[in-house]
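To start, the structure itself, in structure tokens.
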2 protein chains.
Amino acid sequence: MKHPENHTPEPSCETDDHQGQLGNLLSEEACQQAATIFSVLGDPNRLRLLGLLVKQELCVTEIADALNDNLPAVSQRLKVLRSERIVSYRRQGKHVFYRLDDDHIVQLLQNGLAHAEHH
Amino acid sequence: MKHPENHTPEPSCETDDHQGQLGNLLSEEACQQAATIFSVLGDPNRLRLLGLLVKQELCVTEIADALNDNLPAVSQRLKVLRSERIVSYRRQGKHVFYRLDDDHIVQLLQNGLAHAEHH
DNA sequence: CAAACAGTTGCAAAAGTGATTGACTGATGA
DNA sequence: TCATCAGTCAATCACTTTTGCAACTGTTTG
């Protein structure tokens with residue numbers, strides 16, 4: 001007696017497959033991982049930071065300056081982004097340069113922004 | 001004395017435009033909105049729930065049952081998803097049926113999962 | 001109208017998150 | 001080697017979010 005059997009004449013026939021490889025992909029583990037990534041992107045400060053990196057590679061100081069924020073804060077954010085492989089970095093002398101890890105996440109950002117707009 | 005001027009010979013020439021309408025889009029407000037959406041998606045429980053809705057429209061009880069979770073919890077999650085227009089709903093008799101608001105967010109989910117996987 | 005069912009809401013406890021500050025590491029250059 | 005600059009790390013605090021439970025609303029059915 002779990003599923004209500006008397007609710008709707010036609011059982012909500014939206015079973016078309018406007019999904020990609022999605023459907024089954026929502027396994028326990030996939031959800032967990034995807035959720036982590038989404039929540040890392042779910043912060044305006046980190047998003048602003050990524051916005052800068054879309055255009056070019058930058059070192060931490062430059063980022064902090066552009067965002068008008070202090071170094072530890074920025075470094076902290078970069079650490080989080082690093083942990084999810086959203087940004088990668090290289091050291092050059094005293095400086096550490098960060099950039100987006102791949103174009104993949106640019107897409108994600110675009111999608112997110114798109115949804116934000118048309119809403 | 002803000003931007004370091006001695007850091008790199010060529011100032012990190014990644015200024016190619018593999019961005020869509022992105023670049024400038026990262027305005028204060030756009031960031032804020034996008035961040036909200038991302039963080040709503042940044043929860044494994046909500047993601048699992050959305051996973052169900054990708055395939056079909058479902059009522060709250062069905063969802064709770066499928067997720068093996070209690071009704072108030074599910075209702076609460078749906079409320080959050082509703083607030084960001086990620087799901088829409090219709091009432092039919094005693095039941096309230098939820099579904100994904102548009103195919104747009106399916107894309108978002110796909111992107112998120114894709115990134116989660118190849119990582 | 002009363003009973004039963006489907007959902008929602010409110011509230012308090014618990015868990016998670018981000019900002020801040022100060023100390024620490026690593027590289028350069030006098 | 002010492003001073004300085006670039007960045008990271010760690011600990012604390014404030015704040016937001018989740019969750020779990022009980023009470024409440026709305027709808028159907030007897």
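To find a chain, count down the sequence lines: A is the first, B the second, and so on, and within it residues start at 1. Bear in mind the structure is a predicted one, so any value in this text is a computation, not a measurement. Side chains included, hydrogens not; waters and symmetry mates left out as well; all remaining heavy atoms used.
- In this entry the distance linking CD of A:E62 with C1' of D:dA6 reads 12 Å, nearest Å.
- Nearest nucleotide to the side chain of A:L71, out of D:dT8, D:dC21, C:dA27: D:dT8.
- One can place CZ of B:F97 at 15 Å from P of D:dT27, the figure rounded to the nearest angstrom.
- Each of C:dT8, C:dA27, D:dT8 was ranked by its minimum atom distance to the side chain of A:P72; first place goes to D:dT8.
- Distance, A:Y89 OH to D:dT8 P: 8 Å, rounded to whole Å.
- For B:T36, the side chain to side chain contact (heavy atoms under 4.5 Å, CB included) test picks out B:Q32, B:E84, with sequence neighbours left out.
- Between A:L109 and A:L47, some side-chain heavy-atom pair lies under the 4.5 Å cut-off.
- Sequence neighbours left out, the pairs with a member in residues 57-91 of chain A that pass ring-ring contact (aromatic ring centres under 6.0 Å, His included) are A:Y89-A:Y98.
- In this structure the side chain of A:R48 reaches within 4.5 angstrom of the side chain of A:L67, judged on heavy atoms.
- At the heavy-atom level, B:Y98 lies under 4.0 Å from the strands shown only through sugar-phosphate atoms.
- Classified by interplanar angle (parallel below 30°, tilted 30° to 60°, perpendicular above 60°), the ring pair A:H115/B:H104 is tilted.
- In this structure, B:L78 places its CG atom 11 Å from P of C:dT9, rounding to the nearest Å.
- Rounded to an integer number of Å, the gap from CG of B:L67 to P of D:dT19 is 12 Å.
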> What's the verdict on side chain to side chain contact (heavy atoms under 4.5 Å, CB included) for B:L41 and B:R46, showing C-alpha distance, side-chain angles and the deciding distance?
Replying inline: CA-CA 7 Å; B:L41 295 180; B:R46 285 192 291 257; over 6 Å; no

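- Listed pair B:R91 / C:dT8 fails the phosphate criterion, with no side-chain N or O lying under 4.0 Å from OP1 or OP2.
- Residue order along DNA chain C, read from the 5' end via each residue's closest nucleotide, puts B:V96 first among B:V96 and A:N70.
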Atom pairs under 3.5 Å: protein N/O with N/O of nucleotides 15-19 of chain C:
unit_1 : atom_1 : unit_2 : atom_2 : d
C:dG18 : OP1    : A:R46  : NH1    : 3.2
C:dG18 : OP1    : A:R46  : NH2    : 2.8
C:dA19 : OP1    : A:N45  : ND2    : 2.8
C:dA19 : OP1    : A:R77  : NH2    : 3.2
C:dA19 : OP2    : A:R77  : NH2    : 3.4

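- Here the side chains of A:L53 and A:L81 are not in contact, with every heavy-atom distance at 4.5 Å or above.
- Each of C:dT21, C:dA27, D:dC9 was ranked by its minimum atom distance to the side chain of A:K79; first place goes to D:dC9.
- Each of D:dT27, C:dT21, C:dT8 was ranked by its minimum atom distance to the side chain of B:K94; first place goes to D:dT27.
- Protein atom CG of B:L81 is 15 Å distant from nucleotide atom C1' of C:dT8, rounded to whole Å.
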